[in-house]
Protein chains: 2
Amino acid sequence: MKQTPRLDRVFHALAHPARRRIVQDLSRGDRAVMQLAQQFTMSQPAVTKHLNVLERAGIIVRRRQGRERRCRLRPHALRASAEWMRRCETFWNRRLDALETLLDTTAPEDR
Amino acid sequence: MKQTPRLDRVFHALAHPARRRIVQDLSRGDRAVMQLAQQFTMSQPAVTKHLNVLERAGIIVRRRQGRERRCRLRPHALRASAEWMRRCETFWNRRLDALETLLDTTAPEDR
DNA sequence: ACTGTATATAACCATATGGTTATATGAAAC
DNA sequence: GTTTCATATAACCATATGGTTATATACAGT
């Protein structure tokens, strides 16, 4: 994934349980990297890599604060992906509605 | 990803543009594999692989019909993922609300 | 300046992903 | 039964992913 568009990156970022857990944690407030890393068995560099993935997806930002780097969620970044899924369901429902209408109008006696 | 839970598989499945395109196409109606493959420059086996990913995620099902195999969307499979994202936003909004309340009550003069 | 703490980077490794071509299978048509 | 069409599988390849350990960097405290 060299220069992948947002949707790719966001969905990919959310496809890993560790990253989802990070996101959920951040949805309750900002966290330093160590605070996040403590919850996992994996090494600190591994956590940093996950944070990089989330940052590239636009889901989080990191800013220095003293010697820590605090991570903050930008849930706005999830919007497009959520929209995509919603739209998909909408189409589907419209399809179901159409089917129902069809059944109602063309073959009521079959039901 | 050996025995990954649903969320992992669904998000991963949606992280590829070809697979999202397939899903969008299927949201307009069932399609045979060839019908789907024609839209892409990639080979038919590549498309089959993408369909496998979508099927393992529970997003589509395939059934024989004559010598074709028709693909059908099961948008229900997207539900859990959409919910997850929605919940994440909800937490975030609650946090913003709390912050606002805090600002209102503790330091109205700073605004 | 020196030490410790927080985080990032480098180098490495095993496995997964996404693609290819060639071939096998399954049902249809002749 | 042989051919043909639709699809899947096998074998292969390059690159990406997710992890590790060791090391570098950045700031804080003394």
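Quick caveat: nothing in here was measured; it's all calculated off a predicted structure. In what follows, chains are A, B, ... by sequence order, proteins preceding strands, each numbered from 1. The basis for the numbers below is simple: all heavy atoms, side chains too, and nothing from hydrogens, waters or symmetry mates.
In this structure, the CD1 atom of B/Ile22 is 13 Å from the P atom of D/dT7, given to the nearest Å. B/Leu14 has its CG atom 12 Å from the P atom of C/dG18, to the nearest Å. Rounded to whole Å, atom C1' of D/dA16 lies 20 Å from atom CZ of A/Phe11. One interatomic measurement links the two molecules: CG of A/Asn52 to P of D/dA16, which rounds to 16 Å at whole-angstrom precision. Between the NE2 atom of B/His12 and the P atom of C/dA16 there is a distance of 12 Å, given to the nearest Å. One interatomic measurement links the two molecules: CG of B/Leu51 to C1' of C/dG18, which rounds to 14 Å at whole-angstrom precision.
For residues 74-84 of chain A, the pairs satisfying salt bridge (Lys or Arg N to Asp or Glu O under 4.0 Å) are A/Arg79-B/Glu89, A/Glu83-A/Arg86, with sequence neighbours left out. Evaluation of the ring-ring contact (aromatic ring centres under 6.0 Å, His included) test over residues 29-68 of chain A, restricted to residues two or more places apart or in two chains, returns A/His16-A/His50.
The side chain of A/His16 contributes an N or O atom lying less than 4.0 Å from OP1 or OP2 of D/dG19.
A heavy-atom distance below 4.5 Å is not found between the side chains of B/Trp84 and B/Val10.
Residues from residues 29-50 of chain B lying near DNA chain C, meaning a heavy-atom separation below 4.0 Å, are B/Met42, B/Ser43, B/Pro45, B/Ala46, B/Lys49, B/His50 in numerical order. Near-neighbour residues of DNA chain C inside residues 60-71 of chain B, defined by a heavy atom below 4.0 Å, number-ordered: B/Arg64, B/Gly66, B/Arg67.
Not counting sequence neighbours, the partners of B/Pro45 by the side chain to side chain contact (heavy atoms under 4.5 Å, CB included) test are B/Ser43. The side-chain hydrogen bond (donor to acceptor under 3.5 Å, both in side chains) test applied to A/Asn52 returns A/Arg62, not counting sequence neighbours. Residues satisfying the side-chain hydrogen bond (donor to acceptor under 3.5 Å, both in side chains) criterion with A/Ser27, sequence neighbours excluded, are absent altogether. Considering only residues two or more places apart in sequence or on other chains, A/Gln39 meets the side-chain hydrogen bond (donor to acceptor under 3.5 Å, both in side chains) condition with A/Asp25. With sequence neighbours excluded, the residues satisfying salt bridge (Lys or Arg N to Asp or Glu O under 4.0 Å) with A/Arg72 are A/Asp30. Evaluation of the side-chain hydrogen bond (donor to acceptor under 3.5 Å, both in side chains) rule for A/Gln35 yields A/Arg70 as partners, not counting sequence neighbours. Partners of B/Arg21 under the salt bridge (Lys or Arg N to Asp or Glu O under 4.0 Å) rule, at least two apart in sequence or in another chain, do not exist in this structure.
In the helix from C/dA1-D/dT30 to C/dC30-D/dG1, the end axes, each obtained as the rotation axis mapping the C1' atoms of four pairs onto the next four within a five-pair block, lie 10° apart to the nearest 10 degrees.
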Item to check | Audit row: A/Leu14, A/Leu78, side chain to side chain contact (heavy atoms under 4.5 Å, CB included) steps and yes/no | outcome: CA-CA 10 Å; A/Leu14 298 180; A/Leu78 302 182; 4.0 Å; yes
